[in-house]
Amino acid sequence: MGGLSMGQAFVQAPEHRPKPTVTEATVIPLIDLSPLTAGEAAAVDALAAEVGAASREWGFFVVVGHGVPAEAVARATEAQRAFFALPAERKVAVRRSEAEPLGYYESEHTKNVRDWKEVFDLVPREPPPPAAVADGELVFANKWPQDLPGFREALEEYAEAMEELAFKILELIARSLNLRPDRLHGFFRDQTTFIRLNHYPPCPSPDLALGVGRHKDAGALTVLYQDDVGGLDVRRRSDGEWVRVKPVPNSFTINVGNTIQVWSNARYESAEHRVSVSSARERFSMPYFFNPASYTMVEPVEELVSEEAPPRYNAYNWGDFFSTRKNSNYKKLDVENIQIAHFKKSVAAA
């Protein structure tokens, strides 16, 4: 990807191009999870209330005091940099295909515009249970690069730490909705979670292209590690402006995905976000996409539905939804990318 030239496929429509200046957000909630280790009921309730407010108002928050070992993060980021520093032919040897959607890829599309990045995707559990495969024809087997010592071990260790953190946050979200703490856990028994390693090279025209175009995450939660370069922008609900998420040392950025928006019956909302690129510096990030089992029917949880709060969404199958979204990321489609808005009930029907 080092030799990538700025072609028309990367150019965003004028209304979606990044402005030269983006507000840097100090207002995106910063939540310290360290009280969880003590486990005092009042402290846990207070944390759940913070997570609930952040999920309602922003759909994004930053966590510190999360308990993820710094050494595990350091090993994973070293492995990531080592992989992307490989010669192109070594990376292409583990390139993904439509039938085998894991591995290296340098031609991602978001909303039908090519992203300025290269990626490596892997699943934390290999092989996943047969029921967790979203489509019978897809092969979800990790393509580990050969002759890259410690790469697999570093990422498997990181995946374990991410899962532990994701379940902690899932429990806080359940509590914040006055649900049983483990109410949402069962959806993840045969999870379709995956990890993406992102590399955004310096871009000659950062005013025309984006590392990732504007989008909302389809799954339940995204747990993101980003380096100190910055570039993640979130659309602020109050005024629609793009706000830069300032990198905080030893933190993870959490965003609520469409699945939690539906489970919460729209009490919480998945936020639109994008990645801007730099002409001077490369950037690395690692999102952990925490996704339910493919057989999950995603719909508002029954405890949050009543006569006063009728269901806002029709049920949909996660595996089908995820497969369609994956295909639209893979290549340019002639149809609109599938969104949860397609499953929203009309006001009249509600």
Side-chain angles (χ1 to χ4, degrees), residues 48 51-61 110-111 131-132 134-135 166-194 214-224 234-235 237 254-273 287-329 335-350:
V51 165
S55 302
R56 196 168 48 248
E57 292 158 22
W58 279 93
F60 261 81
F61 51 97
T110 303
K111 294 193 188 295
D135 183 321
F167 273 116
K168 282 181 189 173
I169 292 161
L170 191 70
E171 183 174 315
L172 289 169
I173 283 174
R175 287 176 182 273
S176 73
L177 292 165
N178 295 315
L179 299 171
R180 197 178 70 244
D182 65 351
R183 174 64 175 87
L184 305 173
H185 283 37
F187 295 121
F188 296 87
R189 203 163 283 123
D190 298 320
Q191 57 187 264
T192 55
T193 295
F194 72 100
R214 73 199 195 287
H215 68 287
K216 296 183 175 190
D217 289 352
L221 288 171
T222 304
V223 182
L224 174 78
V234 180
R235 196 189 284 281
R237 289 219 186 101
I254 313 296
N255 69 287
V256 168
N258 289 343
T259 302
I260 281 181
Q261 178 172 327
V262 173
W263 283 339
S264 75
N265 204 19
R267 285 168 171 79
Y268 298 160
E269 194 178 329
S270 175
E272 194 169 40
H273 53 287
Y288 173 90
F289 296 103
F290 193 45
N291 295 336
S294 65
Y295 51 76
T296 304
M297 291 303 293
V298 181
E299 59 190 323
V301 298
E302 57 185 328
E303 297 93 320
L304 301 178
V305 172
S306 65
E307 268 188 48
E308 299 75 43
R312 301 278 193 93
Y313 300 93
N314 292 309
Y316 60 90
N317 175 268
W318 165 251
D320 294 345
F321 183 83
F322 183 57
S323 302
T324 309
R325 282 284 290 253
K326 264 295 214 193
N327 282 338
S328 70
N329 289 349
V335 294
E336 185 194 357
N337 304 118
I338 190 166
Q339 307 291 343
I340 57 168
H342 296 142
F343 299 96
K344 197 158 192 174
K345 285 177 178 277
S346 69
V347 175

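Please read these numbers as outputs of a predicted model, since none were measured by experiment.
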Subject >> Audit row: Val298, Tyr313, side chain to side chain contact (heavy atoms under 4.5 Å, CB included) steps and yes/no >> reply: CA-CA 9 Å; Val298 181; Tyr313 300 93; over 6 Å; no
Subject >> Asn255 and Asp217: side chain donor to acceptor below 3.5 Å >> reply: yes
**OP:** Please check if any side-chain donor atom of Ser270 sits under 3.5 Å from a side-chain acceptor atom of Asn258, or the reverse.
**Re:** yes
Original post:
In terms of the angle between their ring planes, are Phe167 and Phe290 parallel, tilted or perpendicular, with boundaries placed at 30° and 60°?
Top reply: perpendicular
Original post:
Would you call the rings of Phe321 and Tyr316 parallel, tilted or perpendicular, where under 30° means parallel and over 60° means perpendicular?
Top reply: tilted
To the nearest 0.5 Å, what is the distance between [atom1] ([X]) and [atom2] ([Y])?
X: Glu303; Y: Asn265; atom1: CD; atom2: CG; value: 11.5 Å
X: Arg56; Y: Tyr268; atom1: CZ; atom2: OH; value: 6.0 Å
X: Lys168; Y: Ile254; atom1: NZ; atom2: CD1; value: 11.0 Å
X: Ile260; Y: Leu184; atom1: CD1; atom2: CG; value: 6.5 Å
X: Leu177; Y: Arg180; atom1: CG; atom2: CZ; value: 13.5 Å
X: Phe60; Y: Glu272; atom1: CZ; atom2: CD; value: 10.5 Å

**OP:** Please determine if Lys216 and Glu269 form a salt bridge, counting it only when a charged side-chain N lies under 4.0 Å from a carboxylate O.
**Re:** yes
**OP:** Check the pair Phe61 / Ile169 against side chain to side chain contact (heavy atoms under 4.5 Å, CB included), numbers first and verdict last.
**Re:** CA-CA 11 Å; Phe61 51 97; Ile169 292 161; 4.0 Å; yes
Do [X] and [Y] have side chains that approach each other closer than 4.5 Å (heavy atoms only, starting at C-beta)?
X: Leu170; Y: His185; answer: yes
X: Val305; Y: Pro310; answer: no
X: Arg183; Y: Glu171; answer: no
X: Thr192; Y: Phe289; answer: no
X: Asn291; Y: Gln191; answer: no

For residues [X] and [Y], report the shortest heavy-atom separation together with the two atoms involved.
X: Pro292; Y: Thr296; answer: CB-OG1, 3.7 Å
X: Ala48; Y: Ser176; answer: O-CB, 3.2 Å
X: Arg267; Y: Ala309; answer: NH2-CB, 4.4 Å
X: Ala174; Y: Pro181; answer: CB-O, 3.6 Å
X: Thr222; Y: Pro287; answer: CG2-CB, 3.9 Å
X: Ala166; Y: Leu221; answer: O-CD1, 3.8 Å

**OP:** Give a yes or no on whether the backbone of Gly219 and the side-chain of Thr259 come within a donor-acceptor separation of less than 3.5 Å.
**Re:** yes
Original post:
When the ring centroid of Tyr295 is compared with that of Trp318, is the distance short of 6.0 Å?
Top reply: no
Original post:
Given Tyr288 and Thr193, is the side chain to side chain contact (heavy atoms under 4.5 Å, CB included) satisfied, shown in steps?
Top reply: CA-CA 7 Å; Tyr288 173 90; Thr193 295; 3.4 Å; yes
Subject >> From Arg235, Arg214, His215, residue fulfilling side-chain hydrogen bond (donor to acceptor under 3.5 Å, both in side chains) relative to His273 >> reply: His215
